[in-house]
There are 2 protein chains.
Amino acid sequence: MNETSFLREIKEIDMLNQALGLLEWDGQTGMPDVSSSFRGDVVGYLNKLAFEKNTGPVIQEAVAYFSEHPDELSEVGSEVFNEVKEEYERNYSIAPEKMEAYHGEISKAHTAWLNARDKKDFAEMKTAIGNLISFLKEFIPHWQKEEKTPYDVLLNQYEPGLTVEKLDQLFSELKTGIMTIRQEIAEKGTVPRTDFLSRHVSKEQQKRFVIDVAQQLGYDFSKGRLDDTVHPFMLDLNRNDARITTRWDENNFSMAVFGVIHEAGHGIYEQNIDPKYDYTPLSTGASMGIHESQSLFNEIILGSNRSFWKKQYPLFQKYTEGTFDDIDFDTFYRGLKETKASLIRIEADSLTYPLHIIIRYEIEKMIFNEEVSLEELPKIWADKYEEYLGIRPENDLEGILQDVHWSGGSFGYFPSYALGYMYAAQLNHTLKQEINMDDVLLSDNYAPIYNWMTEKIHRYGASKKPNELIVNATGEALRSSYLIDYMKSVYFDVYQIKE
Amino acid sequence: MNETSFLREIKEIDMLNQALGLLEWDGQTGMPDVSSSFRGDVVGYLNKLAFEKNTGPVIQEAVAYFSEHPDELSEVGSEVFNEVKEEYERNYSIAPEKMEAYHGEISKAHTAWLNARDKKDFAEMKTAIGNLISFLKEFIPHWQKEEKTPYDVLLNQYEPGLTVEKLDQLFSELKTGIMTIRQEIAEKGTVPRTDFLSRHVSKEQQKRFVIDVAQQLGYDFSKGRLDDTVHPFMLDLNRNDARITTRWDENNFSMAVFGVIHEAGHGIYEQNIDPKYDYTPLSTGASMGIHESQSLFNEIILGSNRSFWKKQYPLFQKYTEGTFDDIDFDTFYRGLKETKASLIRIEADSLTYPLHIIIRYEIEKMIFNEEVSLEELPKIWADKYEEYLGIRPENDLEGILQDVHWSGGSFGYFPSYALGYMYAAQLNHTLKQEINMDDVLLSDNYAPIYNWMTEKIHRYGASKKPNELIVNATGEALRSSYLIDYMKSVYFDVYQIKE
């Protein structure tokens, strides 16, 4: 075994994944629906080839050999090897048939979820979701290394190094912070005008505006593209091909505008990873949370910034050809940042959003660390919404059935969304000390912002762990206070509350 | 070895080819240019996997086993086996390294071709093209079975069963026929008005019209899609996903209109192959020539039909919103069918087009059967254009350098274009005896036409040889007279010549 053979095998896996990426992108953007069973077969087959290689003889031999001879690896070779070894050790001890059976259950659970949504009744998917949870509980001891609780193991799959202990504290502070802000707003806030948000803006007008904004933010359309889809996503085949997608609503322009700004953040990350990681598993984001930090930095941190909109609003008015001539900047900006409790996470505003995540986190912990019975979940869900957000779902469709994640086996994934938000606020806090954000955001050149992000985050790809990246970039581990402070500054301004 | 294992291997090859198809389609429609080296690697790797399987142990064993035990195969299994065995026997005796070296030469020849075009000088690619020809001359004895001459072997790769002897006769009749018609037109024809062909028609107007027409012709957009590209093509991933592409010129609507009608013909073919051939090499057209028969039947046979345009012109006028209000039907139809000698094949009209093909055929034969020296080719080319078309290229770019085929090693491929045209005319001749074409083309329902094609051609996929298909469909082997007769009827009408 030598490094060249090892990296060749890694490259082949990456090439299979690039082909799979394109098949996935195409399936969600333009493939004829009736072709889906052919597509399913092709994707299944290439996934099988990639999976077999991931745990196959070449990787097995490489893990054995380079564990004994780490000095024979170059710097990049060694970084790649550490990642591959970690992944290998996570999965090799699980029998492939068991993993296959689990993936079969995921298919069934997805169907059960669709059926349950139809009936608006969680009971319809209880068995299927129970089976998934049983599989995961069986896998957890295989995956477990230093983690203290079963749920810590799941968390670590998406955010390496994160613990329930840390997250409990972060989320508890965040919850208190948000609830306090909401209280202040309810008591002393002046509600902004929002009627103009539903004015008709054509798809073409929205598109021209948001393409312009995405470019200013650093998304390079020569290394990507924008397509329509039902469920927006970014998909990177490689650093020169990181595609974004969106959906459009002509009577709710802010959906696509913020959606594209969000996906562009993911795309910019992928476009700027160091080429030395090409064709390796390090050529992607460090974690789900760090990836979200880049999309949410664009969407929420910059997207909540008064100076950002001061610069962009005239552009928006130009592209929308007179539709907003009667709306002054202050009215426009305040309307964009309205906050109002909602039952549906993906429609939530940027203040209440983390509460949706915290509710899911608390329930996930109960499932894996406290053996709650599945029957109780819909009531627990509804009670928490009532307690944290002051509203109660009328049925399971508005409640526990709204997200696809659990029926896909993705437990431990939700926290990433709130982690990314906190990372983004903390990065913003540091960045503000190095450059004058208002000046930059009012100028025609956002390069100081995205160059800083590339320097601190993007270029490393997955070669560093989330905590290492954040400590290097900001001088300290993740804290919740920066986000709470940012929320306060934005929402007290919008709701005209003087502290 | 049993049929299930054999067909599983065939299915895996087909699934790799479906992934390759999507990578190819994407590369030509929307992939960021800067991603092309990544894409090249991925395509190279999947091609290698497919190639290894095609000549790999499973196929080897299947060829050996089922040659001895043909009775153990089902009907479809047996049809697939015959095709696979033929392909295997064509290639297994050529060393993979030799084939790889040949593909390396193709890359070089492509670069040399681009360079030669830049310099307008064939001499710049003489060495590269000479190397390709040497490789092919080395391969021919491996490929040869019953074929009498080296060029017969090349012909058979694209049109199984075709011989130089047959083709010499067909092309000689066709050449005489076309030259006689051209003579008549020159002497007695009334030249149609064509100025309106360059009127501005927006891409969106063209698109709406031609999508409507393609649907009437039987192209099913729920099993395909239409995208923009530089070099138009149809690409089938499977019978439920046969995608067409086109390019647009707002000052030359007929390019995209006939282009889409052409590609839709290819697409309809693929969409209607019997599902029993799914995931096998039989799930595609019978040959290049038969495939072209379907696109050219749409583009030229129906597209030259007065009744077809009688029905479509009001639609065209509606979609172009008044641009052609002053052009009466007769003027429009006659303008569409103008004939004029041109130096560039892909811009040729439907009367002179076969002459371009015949010139290339005659030169290809000289290269492989008569050992002509490469130095002489540009002059031979120019002389033939002068003799057959009455015009002479001023340089090699307008002459021998215009097509990409030879630098891609595709010798023997050009005849397909003219074969397809003759097949189309012969199919039309038979079809006319079974249904009243004028009535159908004037009606709102073209189903009798495309259903007949599906019945006679499409459904068989590649399970029958070209000659078998044509004899079954029309009662006789390919003849040139039907095309000559059709050309006469169309062009004498357009040029107002009374016989």
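All chains are named by letter (A, B, ...) in the order of the sequence lines, taking the proteins before the strands, and each is independently numbered beginning at 1. These numbers come from the heavy atoms of this one structure, side chains and all, not from hydrogens, waters or symmetry mates.
Taking CG from B:Leu23 and CG from A:Leu22, the interatomic distance works out to 5.5 Å, rounded to the nearest 0.5 Å. With rounding to the nearest 0.5 angstrom, the CG atom of B:Leu46 is 8.0 Å from the CE atom of A:Met15.
A pairwise comparison of heavy atoms in A:Pro32 and B:Gly224 identifies CG-N, 3.6 Å as the closest pair.
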Which donor-acceptor pairs fall under 3.5 Å between chain B and chain A:
unit_1: B:Lys11; atom_1: NZ; unit_2: A:Asp41; atom_2: OD2; d: 3.0
unit_1: B:Glu12; atom_1: OE1; unit_2: A:Tyr45; atom_2: OH; d: 3.2
unit_1: B:Asp26; atom_1: OD1; unit_2: A:Arg243; atom_2: NH1; d: 3.0
unit_1: B:Asp26; atom_1: OD1; unit_2: A:Arg243; atom_2: NH2; d: 3.3
unit_1: B:Asp26; atom_1: OD2; unit_2: A:Arg243; atom_2: NH2; d: 2.7
unit_1: B:Gly30; atom_1: O; unit_2: A:Arg225; atom_2: NH1; d: 3.0
unit_1: B:Val34; atom_1: O; unit_2: A:Asn240; atom_2: ND2; d: 3.1
unit_1: B:Ser35; atom_1: OG; unit_2: A:Asn238; atom_2: ND2; d: 3.3
unit_1: B:Asp41; atom_1: OD2; unit_2: A:Lys11; atom_2: NZ; d: 3.0
unit_1: B:Asp41; atom_1: OD2; unit_2: A:Tyr279; atom_2: OH; d: 2.6
unit_1: B:Tyr45; atom_1: OH; unit_2: A:Glu12; atom_2: OE1; d: 3.2
unit_1: B:Arg225; atom_1: NH1; unit_2: A:Gly30; atom_2: O; d: 3.0
unit_1: B:Asn238; atom_1: ND2; unit_2: A:Ser35; atom_2: OG; d: 3.3
unit_1: B:Asn240; atom_1: ND2; unit_2: A:Val34; atom_2: O; d: 3.1
unit_1: B:Arg243; atom_1: NH1; unit_2: A:Asp26; atom_2: OD1; d: 3.0
unit_1: B:Arg243; atom_1: NH2; unit_2: A:Asp26; atom_2: OD1; d: 3.3
unit_1: B:Arg243; atom_1: NH2; unit_2: A:Asp26; atom_2: OD2; d: 2.7
unit_1: B:Tyr279; atom_1: OH; unit_2: A:Asp41; atom_2: OD2; d: 2.6

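In terms of heavy-atom pairs under 4.5 angstrom with chain B, the leader among A:Val42, A:Leu20, A:Leu16 is A:Val42.
Contacts between B:Leu237 and chain A at a heavy-atom distance below 4.5 Å involve the side chain alone, from C-beta outward.
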